[in-house]
Every structure is written in structure tokens, then in C-alpha cells.
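Okay, structure first, notes after.
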Amino acid sequence: MNYWLMKSEGDCYSIDDLKRDKTTAWSGVRNYQARNFMRDHMKKGDMVLFYHSNSKPTGVYGIAKVTVNAHADETQFKKNGEYYDPKSTHENPRWQCVDVGFVKKFKEPVTLDQIKFEDSLAGMMVRNRGSRLSIQPVSEKHFKIIEELAK
DNA sequence: GCCAACGTTGGC
DNA sequence: GCCAACGTTGGC
């Protein structure tokens with residue numbers, strides 16, 4: 001089983017939205033590296049740190065899990081939609097996404113400040129300045145530490 | 001809202 | 001295949 005961190009802008013799609021929806025297709029990712037993680041490495045049952053970027057405070061707000069393996073991202077075919085990709089075809093879809101389900105929301109978020117402060121979390125990608133990758137692999141150790149910090 | 005860092009595009 | 005220009009991300 002693998003562990004991940006998925007970013008979402010807090011005011012765009014938050015952990016509360018996921019709680020309400022119970023499950024959602026992680027569509028709209030238009031970055032090849034992030035797509036490759038979803039397509040090739042994320043599997044049903046993998047655990048996900050749900051991270052809010054551009055929010056106050058920024059940090060991990062809860063936990064989600066992968067509920068459906070990668071499949072074509074429908075938003076790429078929606079003309080006039082924000083995520084429409086004219087170069088993509090149904091025969092050979094360019095973008096894929098997994099579905100994620102709600103697991104829990106932390107009482108208090110584990111903030112980016114905390115993550116940077118904890119020596120035991122050295123090496124987490126999200127600590128790097130300018131780390132724009134919206135889906136990042138996380139080690140089991142780091143995942144568990146974040147979970148502990150939330151208690 | 002600013003701006004540095006990054007990814008992508010497109011001309012050559 | 002290089003690289004400048006551009007658009008986007010995301011912390012502050």
C-alpha cells in the first residue's frame with residue numbers, strides 16, 4: 001500500500017466538500033507528473049493526506065483514501081468546460097484520475113509551519129519551497145507522524 | 001495582491 | 001532539442 005499527499009485549494013474543494021460528497025473523482029489534474037502518479041501508482045486502498053493550499057492556515061486538513069483506480073477524466077471532453085482538452089480523444093484519453101473517499105477530518109489541521117518545524121518530517125516534498133506538484137508520494141513513516149500530530 | 005519558482009509552449 | 005516567453009501555482 002502507498003501513501004500520498006493531494007493538494008486542493010481550500011476554497012475550491014475542501015475536506016468539508018469531500019465529507020459531504022463522501023467520494024469524488026479527482027479530476028482536473030493537468031500536470032503529467034501528477035497524472036502519472038494517479039495512473040501508474042495509486043491503487044484502491046492507498047491512503048491520502050488531504051492538503052489545503054492557498055488557505056489559512058495552509059496544511060493537512062484530514063485523510064482520504066483511494067476508492068477507484070485510475071480512469072479517464074471526463075472533464076477533458078467537456079467543451080466549454082474549464083478543463084477541456086481539445087487534443088484528447090475518447091479512444092486515447094490524455095488525462096486520467098482516481099476517485100478518493102472521505103476518511104476523516106482533523107480537529108485541527110497539521111499546518112505547513114508544523115510540518116517544517118518537525119525534524120522527523122525532513123524530506124517531505126511539501127516542505128520544499130516552490131513545490132508545485134499537486135500529488136506527491138509520502139512515506140508511511142511521514143504519513144503516520146502527521147496522523148499523530150493531528151491528535 | 002505580490003512575486004518567485006516552476007511547467008509548458010512554440011519558434012527556430 | 002534548445003531556450004525565451006508565457007501562464008500558473010502557492011506561500012507569504
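In what follows, chains are A, B, ... by sequence order, proteins preceding strands, each numbered from 1. Note that the coordinates shown come from a computational prediction; the quantities given were computed from them, not determined experimentally.
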Looking just at side-chain N and O atoms, do A:Q136 and A:S131 make a donor-acceptor pair shorter than 3.5 Å? yes
Reading DNA chain C 5' to 3', which nucleotide is the first, and which the last, to come under 4.0 Å of any heavy atom in chain A? C:dG7 to C:dC12
Could you work out the complete set of other residues in the hydrophobic cluster of A:V60, with links drawn between I, L, V, M, F, W and Y side chains under 4.5 Å apart? A:M1, A:Y3, A:L5, A:M47, A:L49, A:Y51, A:I63, A:V103, A:F106, A:V110, A:L112, A:I115, A:L121, A:M124, A:V126, A:V138, A:F143, A:I145, A:I146, A:L149
If you draw a 6.0 Å radius around CD in A:E74, do more than 12 non-hydrogen atoms from other residues or ligands fall strictly inside? yes
Which part of the nucleic acid, if any, lies within contact of A:K116, taking any heavy atom under 4.0 Å across all strands shown: a base, the sugar-phosphate backbone alone, or nothing? sugar-phosphate
Taking atom types as modelled and ignoring hydrogens, do the side chains of A:R30 and A:S134 form a donor-acceptor contact shorter than 3.5 angstrom? no
Using a side-chain heavy atom cutoff under 4.5 Å and only I, L, V, M, F, W and Y, what cluster partners does A:W26 have? A:W4, A:M6, A:Y13, A:I15, A:L18, A:V29, A:F37, A:M38, A:M42, A:V48, A:F50, A:Y61, A:V66, A:V98, A:V100, A:F102, A:M125, A:L133, A:I135
